[in-house]
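Structure first, then comments.
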Protein chains: 2
Amino acid sequence: MPKIADKYLVVDPWKVVEEGFDPARNRVSESIFSLGNEYMGVRGYPEEGYGGDTLLGSYFNGLFEESKVEAHYKGIIKSLRFMVNAVDWLYARITVDGETLDLAESRFSDFRRELDFKSGAYTREFVWHLSNGKSMKLKFERFVSMTISHLGCQRILFEPLNFSGTVQVKTGLDFSVLHEDQGRSYWGTLKRQEIDGMAGILGQTVNTKNRLFSAFRVEAPGQLDNKLVESDRFIGRDVLLKLEQGKCTALDKLTVNYAEKDLSLDHESVWRKGMELAGQYADLSYDQAALQQREYWTGVWNASDIAIEGDPENQQGIRFCIFQMYQTYHGDNPGFNIGAKGLTGEAYRGLAFWDTESYCLPFYIFNNPKAAKSLLEFRYKSLPYALQRAKELDCEGAFYPIATIDGTESCDLWQHSNLQLHVGTAVAYGIRHYVNITSDTTFLYEKGLEMLIQISRFYATRGQFGQKTDEYGYFGVMGPDEFQLMVNNNCYINLMAKKMFEYTLESISRMRGEEAAAFGELAERLGLTEEEQADWANKAERMKIPQDQASGIYEEHDGFFDMPHLDIHSIPVTEFPLYSHWSYDRLYRYDMIKQPDVLMFMFLYSGQFPLEEKRANYDYYESRCIHESSLSPSIHSIIAAEIGRPEEAYKFFEFATRLDLDNYNRNTREGLHTTSIAAAWMNIVYGFGGMRSDGEKLVFNPSIPERWGQYRFPITFRGTKLAVEVNKEYAYFRADSGEPVEISLYGQCYRVGVEGIKVALDQVKVG
Amino acid sequence: MPKIADKYLVVDPWKVVEEGFDPARNRVSESIFSLGNEYMGVRGYPEEGYGGDTLLGSYFNGLFEESKVEAHYKGIIKSLRFMVNAVDWLYARITVDGETLDLAESRFSDFRRELDFKSGAYTREFVWHLSNGKSMKLKFERFVSMTISHLGCQRILFEPLNFSGTVQVKTGLDFSVLHEDQGRSYWGTLKRQEIDGMAGILGQTVNTKNRLFSAFRVEAPGQLDNKLVESDRFIGRDVLLKLEQGKCTALDKLTVNYAEKDLSLDHESVWRKGMELAGQYADLSYDQAALQQREYWTGVWNASDIAIEGDPENQQGIRFCIFQMYQTYHGDNPGFNIGAKGLTGEAYRGLAFWDTESYCLPFYIFNNPKAAKSLLEFRYKSLPYALQRAKELDCEGAFYPIATIDGTESCDLWQHSNLQLHVGTAVAYGIRHYVNITSDTTFLYEKGLEMLIQISRFYATRGQFGQKTDEYGYFGVMGPDEFQLMVNNNCYINLMAKKMFEYTLESISRMRGEEAAAFGELAERLGLTEEEQADWANKAERMKIPQDQASGIYEEHDGFFDMPHLDIHSIPVTEFPLYSHWSYDRLYRYDMIKQPDVLMFMFLYSGQFPLEEKRANYDYYESRCIHESSLSPSIHSIIAAEIGRPEEAYKFFEFATRLDLDNYNRNTREGLHTTSIAAAWMNIVYGFGGMRSDGEKLVFNPSIPERWGQYRFPITFRGTKLAVEVNKEYAYFRADSGEPVEISLYGQCYRVGVEGIKVALDQVKVG
């Protein structure tokens with residue numbers, strides 16, 4: 001795995017700290033110091049303006065623009081939607097004695113910034129040395145409120161070190177931001193106005209007519225003057241502050257942002273709604289909001305913290321991951337999804353992939369079931385789009401998009417959007433997983449089963465029977481391993497479809513038994529027939545799952561075993577990432593894989609496969625995997641832990657928690673790998689914790705990395721909060737609230753209640 | 001084969017005639033009545049301006065524009081070049097009594113147009129009924145000179161039927177033409193000026209800076225007035241002509257066009273060169289030029305006519321095809337190639353494909369070896385581009401583009417441009433074929449072998465050994481059958497590469513023997529080593545050619561026999577063409593093929609395959625082929641004739657000669673299927689004539705379709721002109737000039753001299 005850490009930041013258990021300023025790393029830091037509250041997100045860009053390399057990114061979940069795609073053929077998308085860069089609500093320009101601050105130009109010292117997981121705030125401070133000899137310490141503080149989705153808070157502190165005088169601060173709301181990926185701005189403004197100290201502006205996207213209202217007020221006790229300033233797509237205030245040597249003067253700015261995607265509302269209604277919202281928080285002070293923010297995060301850490309002893313780097317790393325998961329999504333705003341980079345950059349266009357169900361959902365299922373359910377509801381809400389998309393592909397039922405912001409397909413590479421079928425089965429797996437862990441059959445019957453039926457219809461019409469084998473499977477597909485571009489009978493897709501059919505039929509039978517009347521209505525509404533169900537059963541039964549009987553190795557797809565072999569270790573490290581250095585078609589001509597495919601389904605349906613089979617497949621596929629996807633190493637780590645390869649498990653794990661903190665992939669500058677860092681949580685809980693949640697019972701086979709003293713994590717299982725603690729000697733399980741639950745530990749059944757159980761660590765398991 | 005003729009035009013052995021005007025068919029007719037002389041081409045558009053559906057297309061061979069392509073990955077092209085629509089040098093606007101002629105608005109009768117294969121001219125006539133009751137007969141005549149590449153000639157004849165008076169003709173050169181495919185004009189003008197009655201204008205393309213000079217003069221004896229008119233991108237003359245009732249008054253316009261792609265020349269030099277050229281023909285009259293044109297075409301028909309008795313439709317059809325072949329290319333201008341639509345439209349962007357070597361070259365080899373050589377020289381001239389392209393794909397040697405106007409790759413669909421490897425082997429086959437038939441070893445040693453060596457290098461670096469089979473082949477490819485998008489070991493590609501390696505090695509050995517010194521220089525210049533040659537021999541030897549031993553059927557690619565079966569006759573006719581009606585990915589999931597792939601190599605290397613094998617493969621693949629490529633039916637016809645299926649042979653043939661005349665594919669409006677109609681010639685000579693030219697001797701197994709009385713065609717073989725005549729009783733071969741040659745006829749050897757041989761028709765062969 002040619003991934004090397006770029007160690008730069010200070011290691012701290014509860015913070016990310018950067019000391020000193022390196023312009024070359026500024027964009028990486030901007031990503032790392034991103035803030036978000038699922039409703040909106042801002043990168044850690046210098047709000048005072050910066051002439052160097054920066055991505056001034058301010059994003060709102062689900063707020064999108066659209067661009068046309070030249071489509072040559074039927075079934076290939078004609079337009080794509082992407083998360084659009086929006087208002088710079090942190091805008092500030094700071095001038096002293098005619099000299100305007102800009103870290104690209106100004107002289108400064110003692111630079112330090114930090115992100116505090118406990119307060120949820122990002123602070124940045126330095127001393128500015130003006131050309132006239134004056135020096136002033138500045139501290140910038142900001143947070144986006146986790147308790148009030150619309151609220152963004154900013155504080156700037158000025159402390160003149162060797163003078164008294166004034167500072168001019170131009171602060172406001174700027175809609176002239178560029179969408180970097182497309183090299184243009186997508187905003188026009190419809191209205192701007194100030195009422196009672198609240199300056200508002202209403203922006204609108206060019207193509208999609210999405211609207212964004214933004215209003216702010218300034219609290220600055222020491223101000224000498226304060227003028228409204230307006231210009232094209234901008235409203236703000238010019239504030240003159242009196243400064244006294246050695247004293248700290250603050251300027252607080254509280255902004256209320258409100259995104260409106262309902263096109264049927266007229267502009268005035270949107271404006272009014274925005275102003276009303278802003279009015280609700282007119283009396284809230286920065287300090288009050290900051291206090292609420294801290295309380296919120298205290299709750300998060302009480303509920304979801306993973307503590308690791310003896311490994312400060314990974315301790316910091318896993319907390320950063322959990323912090324980011326909550327920032328990106330926590331379920332307060334139903335109908336949102338999780339983009340591959342969350343709300344931290346424009347790469348992947350803010351789109352959500354199968355990552356949501358396959359990598360993020362487990363974290364929420366076990367920490368925040370409400371958020372998990374809400375994510376699945378995104379798929380329910382967008383079911384009409386999936387039905388439409390299946391039709392475009394000459395199929396029936398629901399075909400979920402490989403990349404989407406609103407439910408429509410937004411991947412303009414047909415080879416991905418038309419050939420990758422693994423989102424539908426990921427959604428089905430997510431429903432199954434969620435229902436299994438939460439027992440929420442209400443969701444299953446009200447929404448889940450309808451999705452399962454429509455997903456089954458798609459997989460029953462997209463597949464075909466082989467002419468020689470007479471087995472069912474999928475021709476012309478790309479599996480999760482994107483280094484095999486267009487193949488027949490990808491083993492992952494086939495197996496996941498088989499399981500999906502089986503779960504749909506099982507759920508039908510369950511609902512029919514438990515909720516006969518409601519089921520009757522559903523079946524009638526969907527036109528579900530017995531013949532259709534028989535067809536699914538037949539296709540599941542006859543699904544081709546190619547496996548070499550002698551070795552137990554599954555063949556990733558028809559013909560994979562004859563693909564030319566490449567010793568992946570012979571590839572010079574300078575050729576990575578291969579996507580950038582190899583001709584596109586060359587990537588697809590080897591037995592080299594990009595990310596787990598066979599191993600992925602062996603993880604997801606872990607209980608179905610004997611350990612020996614996992615070992616054989618791990619040995620075969622791991623040696624062929626180059627991990628060009630950041631989703632890849634954690635799955636390898638989890639299986640390595642399972643089959644007793646603790647060193648390999650730890651080697652792959654190192655990458656997981658610090659993927660962005662150490663900029664392993666050298667592209668953190670584009671944004672965080674939000675969905676990948678979700679895998680860090682899985683890596684600890686499923687990997688070292690050895691948890692498996694694909695069966696009726698929760699299964700644990702815990703181990704502990706050599707350098708760790710102990711680690712602890714909480715999980716919620718069918719309403720019960722379980723505390724799990726593993727150290728060198730034992731594993732300890734305790735139900736902190738709720739009913740006692742049964743778990744399987746090292747193959748033995750235990751009932752875990754408030755008193756807890758303590759079992760000696762199985763040394764065999766850790767190799 | 002869901003292809004139905006649209007019978008509309010009058011059948012005539014030496015003309016295409018349209019009687020009456022149907023606006024809905026105007027664009028189809030514009031394509032059919034296209035004129036060209038390989039240097040330039042014009043569609044049969046109404047030069048007087050037409051408010052209805054028209055494509056005003058004026059094209060110059062190799063004159064191209066360029067547009068950027070958003071390329072996601074390495075090895076995918078970043079810009080594409082296309083033949084650009086250029087100056088309307090036929091521009092004319094005709095006004096009588098303030099009323100301007102426009103067939104979309106004006107009243108008219110007695111419309112008739114014709115294309116005369118003997119004169120090479122296109123004429124169009126009708127009677128215009130003005131709203132004031134006046135009637136005038138108009139006749140438009142035009143041709144592009146086959147003897148003077150730069151010259152275009154136009155004559156308009158006016159005959160007032162019931163009045164005497166005047167007509168105003170605004171005639172000129174218009175650079176404001178739109179490139180329809182891109183919806184914009186690509187021309188600016190650099191200069192315009194009139195000198196001594198010659199009005200010139202110099203245009204330049206926006207991106208590529210190609211320049212086009214155009215100058216014209218008017219001869220109109222009865223003119224009353226004549227004024228220069230200039231406007232943006234236009235220069236012309238307003239001519240007032242006196243008309244007398246019942247008398248014919250002519251306006252002749254002779255235009256000299258000159259395209260300059262050399263960017264190093266300054267504008268003034270180009271202008272001067274253009275004016276000098278125009279000066280050369282300043283005294284040439286329309287009638288003189290027309291006479292030269294008729295003489296040229298007389299020569300063509302003496303040399304290349306195919307005469308068919310008893311089948312007027314196909315007689316007309318095959319002459320139309322031969323006429324188009326000569327119009328598109330005849331070798332006077334080296335460095336040109338043949339676009340899929342010749343110079344008759346913008347579809348396929350004026351690009352040349354493997355069609356040139358695979359479908360067009362045989363016609364030239366046997367009719368016009370100079371032109372054949374010149375086509376191969378296009379590939380030699382563009383070898384540097386092919387070397388560069390191979391590098392972009394991480395390979396060595398030369399990778400010839402799947403679609404090109406100047407030698408660079410211009411197909412923006414990576415699945416075609418990166419996966420289709422069959423141009424290189426087509427070029428190699430073309431060299432082999434040309435050298436075999438002409439004995440031109442000078443070309444082989446000076447240019448051909450260098451190409452062969454570089455092509456071999458590509459195929460030796462692009463291929464790989466299968467991990468299980470240890471056989472050599474090509475992974476991740478698309479063969480000629482474009483309904484199998486990305487497969488391994490396409491049988492056609494593998495077999496053609498094997499043969500190509502063998503021919504390269506054979507040619508090396510031959511040149512080494514015959515021209516040792518020159519070979520030494522070549523080998524040194526190219527760095528050719530013995531190891532390299534041994535590698536090619538090894539790869540040829542170990543090439544995978546999958547075949548089912550029991551049935552003799554070749555497997556089109558790995559896994560083809562397991563592809564889900566589709567009864568192609570079950571597809572509703574309304575779903576054709578499938579490219580427009582089926583989801584793109586769905587096309588690739590069946591054992592359905594688009595065009596011959598296995599059958600194609602069985603035709604090209606006919607001598608290598610026993611008849612029984614051809615029969616088995618024909619039965620298998622024909623029943624799975626939907627002929628979505630217009631290149632397809634002729635090959636099926638040729639093999640059907642060979643295996644004794646005369647009715648099927650004729651059924652497929654019907655499509656060949658009249659593909660555009662009867663608008664079989666319903667897309668002739670976009671331009672002629674120039675390279676496909678080249679196959680019509682092959683269909684007769686290789687199909688019914690039963691000729692095979694892949695061995696040392698020419699082989700013939702003639703048959704005759706039931707409805708034909710007899711047919712005749714000439715071919716040139718190693719300098720000897722052979723006349724071939726087949727009727728119901730016998731086949732007759734005679735050497736009209738040159739040395740006697742040996743041929744194989746029904747498996748017997750004959751020596752054919754001036755006295756000719758006559759052999760009874762083998763009735764068994766025609767089924």
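All values reported here derive from a predicted model rather than from experimental measurement. In what follows, every chain begins at residue 1, and chains take the letters A, B, ... in the order their sequences are listed.
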Could you give the distance from CD1 (B:Ile76) to CG (A:Asp585), rounded to the nearest 0.5 Å? 8.5 Å
Counting heavy atoms not belonging to B:Tyr348, are there more than 12 under 6.0 Å from its OH? no
What is the minimum heavy-atom distance between B:His72 and A:Leu413, and which atoms define it? CD2-CD2, 3.4 Å
Taking all non-hydrogen atoms of both residues, which atom of B:Ser583 and which atom of A:Asn418 are closest, and how far apart? OG-ND2, 4.1 Å
Report yes if some heavy atom in the side chain of B:Tyr584 is under 4.5 Å from a heavy atom in the side chain of A:Lys74; otherwise report no. no
Among B:His581, B:Arg586, B:Gln464, which residue has the highest count of heavy-atom pairs closer than 4.5 Å to chain A? B:Gln464
Mark yes when over 12 heavy atoms from residues, nucleotides or ligands other than A:Gln547 sit less than 6.0 Å from its CD; otherwise mark no. yes
Within the supplied structure, the quantity of interest is the number of heavy atoms (other residues, nucleotides, ligands) at a distance under 6.0 Å from B:Gln182 CD; does it exceed 12? yes
At a heavy-atom separation under 4.5 Å, does B:Leu419 approach chain A through its side chain, its backbone, both, or neither? side chain
Closest-packed option against chain B by number of heavy-atom pairs under 4.5 Å, given A:Pro564, A:Gly466, A:Gly476, A:Gly473: A:Pro564
Rounded to the nearest 0.5 Å, the OH atom of B:Tyr73 sits from the CH2 atom of A:Trp582 at a distance of 15.5 Å
At a 4.5 Å cut-off on heavy atoms, which part of B:Thr469 comes close to chain A: side chain, backbone, both, or neither? both
Within the supplied structure, the quantity of interest is the number of heavy atoms (other residues, nucleotides, ligands) at a distance under 6.0 Å from A:Glu575 CD; does it exceed 12? yes
Cut-off 4.5 Å, heavy atoms of chain B, and the answer for A:Asn488 is side chain
Who wins among B:Arg462, B:Met486, B:Glu70 for the most heavy-atom pairs under 4.5 Å with chain A? B:Arg462
Contact part of B:Arg589 toward chain A, heavy-atom cut-off under 4.5 Å: side chain, backbone, both or neither? both
Given that the side chain runs from C-beta out, which part of A:Lys544 has a heavy atom under 4.5 Å from chain B: side chain, backbone, both or neither? side chain
Any chance OH of A:Tyr590 has more than 12 other-residue heavy atoms, nucleotides or ligands included, within less than 6.0 Å? yes
Would you mind checking which part of B:Phe465 comes under 4.5 Å of any heavy atom in chain A, side chain (CB onward), backbone (N, CA, C, O), both or neither? backbone
With a 4.5 angstrom heavy-atom cut-off, could you sort out which part of A:Glu471 is near chain B: side chain, backbone, both or neither? neither
Measuring only between side-chain heavy atoms, which start at C-beta, is B:Phe561 closer than 4.5 Å to A:Gln467? no
